There are 2 protein chains.
Amino acid sequence: MEASEILRNHKLKKTSPRVAIIEALQSSPLPMGEDEISSMMGSHYDRTTFYRSALTLEEAGILHRIVIDKLLVKYALNEGRHNNAVRSNHAHFFCNHCQKLICLENIHPGPYRLPEGFQSQASEVIIKGLCSKCN
Amino acid sequence: MEASEILRNHKLKKTSPRVAIIEALQSSPLPMGEDEISSMMGSHYDRTTFYRSALTLEEAGILHRIVIDKLLVKYALNEGRHNNAVRSNHAHFFCNHCQKLICLENIHPGPYRLPEGFQSQASEVIIKGLCSKCN
DNA sequence: CTACATTTGCAACATTGTTGCAATTGCAAT
DNA sequence: ATTGCAATTGCAACAATGTTGCAAATGTAG
């Protein structure tokens with residue numbers, strides 16, 4: 001789906017940084033860090049704008065932010081292409097050797113049985129190890 | 001168990017920062033951030049030393065470092081008291097309101113069925129939401 | 001007690017992210 | 001198409017967490 005259509009579907013203004021972020025992520029098979037997105041977006045790139053745009057897109061459910069470790073954050077698009085189907089929660093695998101982050105679409109963690117009175121709003125599963133290429 | 005005994009068991013030198021970190025964490029029922037540990041350790045506190053000591057203790061399996069989100073990291077002791085029993089993997093709950101991190105000792109995620117050739121070395125489950133007090 | 005490897009403390013720097021504010025831009029209404 | 005105005009951007013400054021290099025201090029084995 002085109003970036004402008006995604007933005008329109010979520011009633012967000014079509015601005016160049018938003019379009020650029022979406023297109024950068026669409027062009028990559030794997031989640032990317034800010035550094036990678038930045039280099040794809042070229043010179044006209046402001047870090048504050050990136051963070052604010054990414055936050056807006058995250059709040060709209062368009063993208064997903066995964067914190068692997070301090071100083072290591074990756075972004076991925078939620079491929080909620082099929083109408084507004086909320087994408088099912090899935091685990092992430094981080095390769096300690098090649099530093100790639102891979103979405104494990106077929107691992108659906110939870111639901112978790114929380115203690116009385118606790119309410120879950122989001123959850124994240126990160127499995128670290130060696131991927132098939134580095135093993 | 002006393003800090004000095006823990007260090008001896010792991011063949012680590014007994015140094016004052018290490019002892020202070022262990023005692024700070026022992027005195028708290030919840031994992032703490034660097035800021036909290038720092039204020040418990042008083043003035044003679046160097047951030048570099050803290051990070052290096054925490055890393056040493058983590059590598060020895062004495063403590064556990066949980067990244068909740070960028071700019072929000074908590075540390076907890078692995079209570080591997082009973083000999084060298086590796087503490088079973090457990091999930092963490094982070095309250096979006098009061099910012100407390102709670103170990104959910106009775107939620108044991110995994111094992112996960114990884115794709116062919118992948119090898120798991122560690123995993124982390126963070127559930128975010130509202131705790132019973134803030135709900 | 002001594003030797004020596006380990007650890008600490010300091011300074012400088014790196015990465016990721018946030019806040020305030022003025023200037024610009026997208027878009028809806030005319 | 002033009003205009004008005006809220007939303008967004010870009011810049012500067014700052015915040016939190018963490019790393020690296022290196023000289024000085026410290027723990028401990030012998």
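Letters go in sequence order (proteins before strands), and every chain restarts at 1. None of the values given here were measured: they were computed from a predicted structure.
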Whole-Å gap separating P (dT9(D)) and OH (Tyr51(A)): 15 Å

Bend angle of the helix from dC1(C)-dG30(D) to dT30(C)-dA1(D), end axes from five pairs each (to 10°): 40°

Lys13(A) NZ to dC5(D) P, straight-line distance once rounded to whole Å: 14 Å

Over 12 non-hydrogen atoms of neighbours within 6.0 angstrom of CD in Glu2(B): no

Residue-phosphate contact under 4.0 Å: Ser53(B) side-chain N/O, dT8(C) OP1/OP2: yes

Distance-only donor-acceptor test, Arg52(B) side-chain atoms vs dG21(D) base atoms, 3.5 Å: yes

Separation of dT7(C) C1' from Leu7(B) CG (nearest whole Å): 13 Å

Crowding at CD, Gln119(B) (>12 non-hydrogen neighbours, <6.0 Å): yes

Whichever of Arg47(B) and Thr15(B) has its nearest DNA chain C nucleotide further upstream toward 5': Thr15(B)

Working for side-chain contact (heavy atoms from CB on, under 4.5 Å), residues Tyr112(B) and Val125(A): CA-CA 10 Å; Tyr112(B) 302 104; Val125(A) 174; 3.5 Å; yes

Euclidean distance, atom CD of residue Glu34(A) to atom P of dT15(C) [Å, nearest integer]: 10 Å

Euclidean distance, atom NZ of residue Lys14(A) to atom C1' of dT9(D) [Å, nearest integer]: 17 Å

Integer-rounded Å distance: dT26(D) P and His44(B) NE2: 13 Å

5' precedence on DNA chain D between Leu55(B) and Leu12(B) (nearest-nucleotide basis): Leu55(B)

Minimum-distance nucleotide to Thr49(B) side chain [options: dT8(C), dG17(C), dT9(D)]: dT8(C)

Nearest-nucleotide comparison on DNA chain C, the residue closer to the 5′ end among Thr48(A) and Arg18(B): Arg18(B)

Parallel, tilted or perpendicular: rings of Phe93(A) and Phe118(B) (30°, 60°): perpendicular

Protein-nucleotide distance (Ile68(B), atom CD1; dA16(D), atom P), rounded to Å: 16 Å

